[in-house]
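In what follows, a structure is listed as structure tokens, so that the remarks can point back to it.
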Amino acid sequence: MSRELWSSRTGFILAAAGSAVGLGNIWKFPYLAGKFGGGAFLLAYLILVFTIVKVVMLSEIAIGRAANKNAVGAFASLHNRRWKIVGYMGVVACFMVLSFYSVVAGWTIYYTVEMVSGSLSGLQPDALTGKFEEFIADPSLPVIYHGIFMLMVIAIVIRGIKGGIEKVSTLLMPALFIIIIALILRGFMLDGAMKGLEFYLVPDWSQLGDFDLWSAALGQAFFSLSLGMGTMLTYGSYLDKKENLPNTSFQVAFIDTAVAFLAGLLVFPAVFSFGFDNTAGPGLTFIILPAVFNQMFGGQLFGILFFILLFFAALTSAISILEVMTSYWSEEKGVCRKKSAVIFGLLTFFMGVACSYSLGIWADVTLSSILGINIDLEVFNLGVFDFLDYVSSNILLPLGGLLILIFAGWIKPKRIMDEITNNGKVDFYWKNAFIIMTKYISPIAIGYLLLNSIGII
Ligand code: PFF
């Protein structure tokens, strides 16, 4: 059976950018930057994306297109069955990421509804914080929204790449961009906005010596660019053989990074202007932005539009995650696409329920508490939501990326280089830099930061 392809190069770029741009940019990036000192985190992030991580992106897309297969099948068809393990790890990471991702995506639906009803209008920052905390800890409401979101993801993935995934992405990305710019301009006019800009744009150099900051920035770069878990590989596998991979992958990385950068410009002026704590964590975007909307002329309308677009950004990312699991199961095991999407979708939904409960009624459930032992390592003492987030972003994705680099740099260097250059037809002007980065610099840097995340260094 011949596989579907994207209908155009723009179709791929928009779909891949649709996968990359999501909650990671607008929800996660600002709160991590806030936690790790603003400017220093931004700088570390930019350095990593445009050096070490960029080559993972290109390698991953090239492996997908070379094999023209799903994440698990690709490694087996290009080399041997043992390498399937990288694909399997990706599928597991997808399951973990999508379960908490869908919960947060559900929050965007709730906030859209609240914006429409006007119930956040006029609330003071403290009240907005209280409302957010009360909502995420509720045992039923977030689960309902999470379920609604998951149903939509399943419905779209069942339709396949052209009918479903590509169409949704094409329209929404540009709209999101425009509304973020409008909101940033309003944020700049707030009293005290400059302090926020300074925090975000001027690095405190001393913080760059902190390896936890670099590990967090690396994990975030993988998460934000949808790397290390087979997503870009799977999307690359639907890409036409004539396309220019170096340019295409650069464009996707650039768009994604631009949106993350803008999200910081959006959030920090307001954080400082309203006197919020910049280390507030996952609630940051959800609490700060309604406070900005409350200060704006036409704020309610902006609020509604913003949360709708954030919801769509989350949707295009979530689709790409479920697609990895679905294409694996349907191509490798012959299960029909529909059944595969529904079953993986449901499993993820149940895990997501546990994530959501861990922010309320199951707050005390940690690995330590389940195993009944007391271990002083961070991973053992996180709730389900934070545990899945930490293990996927800080461990599984970089590990997947590391293995992808070893594959592209050491196992099949010629095959991957031929793919990247379309058998010599593409002018790949940073070819030598790519080879050195893929073989040596990136794997060593990623390996080092990975050991730091696991707690070995
Ligand atoms: N990149 C997405 C975001 O930033 O929201 C999340 C994501 C999608 C992560 C796909 C991983 C993935 F494979």
Side-chain angles (χ1 to χ4, degrees), residues 14-33 45 49 53 56-57 60-61 63-64 70-71 86-87 89-108 149 153 156-157 165 168-169 172-173 176 180 216-237 249 252-264 282 285 309-328 344 348 352 388-401 404:
L14 284 170
S19 165
V21 175
L23 296 168
N25 307 60
I26 293 163
W27 159 71
K28 211 172 163 194
F29 179 80
Y31 88 71
L32 283 176
Y45 183 81
V49 167
V53 179
V56 179
M57 177 117 188
E60 186 172 334
I61 295 178
I63 293 173
N70 65 85
V86 186
M89 270 174 41
V91 173
V92 172
C94 283
F95 171 68
M96 294 170 88
V97 168
L98 188 54
S99 59
F100 70 83
Y101 201 83
S102 171
V103 172
V104 181
W107 301 351
T108 66
F149 182 78
V153 177
I156 297 175
V157 170
I165 299 172
V168 182
S169 302
L172 300 163
M173 294 281 307
L176 182 67
I180 290 180
L218 183 77
Q220 172 61 13
F222 273 96
F223 185 86
S224 190
L225 293 170
S226 307
L227 293 177
M229 53 191 241
T231 308
M232 285 298 158
L233 189 157
T234 305
Y235 271 23
S237 75
S249 69
V252 174
F254 183 81
I255 295 174
D256 185 69
T257 309
V259 176
F261 176 72
L262 292 177
T285 302
L309 289 170
L310 185 55
F311 157 76
F312 277 111
L315 188 62
T316 50
S317 302
I319 291 166
S320 73
I321 308 178
L322 188 59
E323 174 66 18
V324 174
M325 304 191 254
T326 304
S327 62
Y328 149 67
F344 271 120
T348 312
L388 294 180
D389 185 3
Y390 186 87
V391 172
S392 55
S393 294
N394 288 29
I395 300 173
L396 284 179
L397 305 193
L399 184 59
I404 284 170

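Whatever order the structure lists ligands and atoms in, that order sets their numbers, starting from 1. Predicted model, so just to flag it, every value in this text is computed and none were measured. Values reported hereafter were calculated over all heavy atoms of this structure, with side chains retained and with hydrogens, waters and symmetry mates removed. Start at 1 with the first residue, then count along the sequence.
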### Query
Where does the angle between the aromatic ring planes of Trp27 and Trp107 fall among parallel (under 30°), tilted (30 to 60°) and perpendicular (over 60°)?
perpendicular
### Message
Can you tell me how the ring of Phe149 sits relative to the ring of Phe311, calling it parallel under 30°, perpendicular over 60° and tilted otherwise?
### Response
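Aromatic pair Phe149/Phe311 classed perpendicular.
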Show which atoms of ligand 1 fall inside a sub-4.0 Å distance from at least one heavy-atom site of [X].
X      : result
Asn25  : 4 (O)
Gly24  : 3 (C), 4 (O), 5 (O)
Ile321 : 8 (C), 10 (C), 12 (C)
Ser320 : 10 (C)
Leu23  : 5 (O)

Please list the nearest protein heavy atom to [atom] with its residue and the distance rounded to 0.1 Å.
atom                    : answer
atom 3 (C) of ligand 1  : Ala20 O, 3.2 Å
atom 5 (O) of ligand 1  : Tyr101 OH, 2.4 Å
atom 11 (C) of ligand 1 : Met229 CE, 3.4 Å
atom 2 (C) of ligand 1  : Ser19 O, 3.2 Å
atom 13 (F) of ligand 1 : Thr231 OG1, 2.3 Å
atom 1 (N) of ligand 1  : Phe223 O, 2.8 Å

### Option of least heavy-atom distance to atom 10 (C) of ligand 1 (set: Ser226, Ala93, Ala318)
Ser226
### Task
Could you tell me whether the side chain of Thr108 reaches within less than 4.5 Å of the side chain of Leu23, counting heavy atoms only?
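Side-chain contact under 4.5 Å: yes.
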### Query
Would you say the side chain of Val53 lies within less than 4.5 Å of the side chain of Leu218, judging by non-hydrogen atoms?
yes
### Message
side chain to side chain donor-acceptor pair (under 3.5 Å) for Thr231 and Ser19? Distances and angles first, verdict last.
### Response
CA-CA 8 Å; Thr231 308; Ser19 165; 5.2 Å; no
### Query
Can you tell me if Ser327 uses its side chain to pair, donor with acceptor, with the backbone of Glu323 under 3.5 Å?
yes
### Message
Does Tyr235 form a side chain to side chain contact (heavy atoms under 4.5 Å, CB included) with Ile61? I'd like the steps, not just the answer.
### Response
CA-CA 7 Å; Tyr235 271 23; Ile61 295 178; over 6 Å; no
### Query
Can you tell which of Ile26, Leu262, Thr316 makes a side chain to side chain contact (heavy atoms under 4.5 Å, CB included) with Leu176?
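Exactly one pass, corresponding to Ile26.
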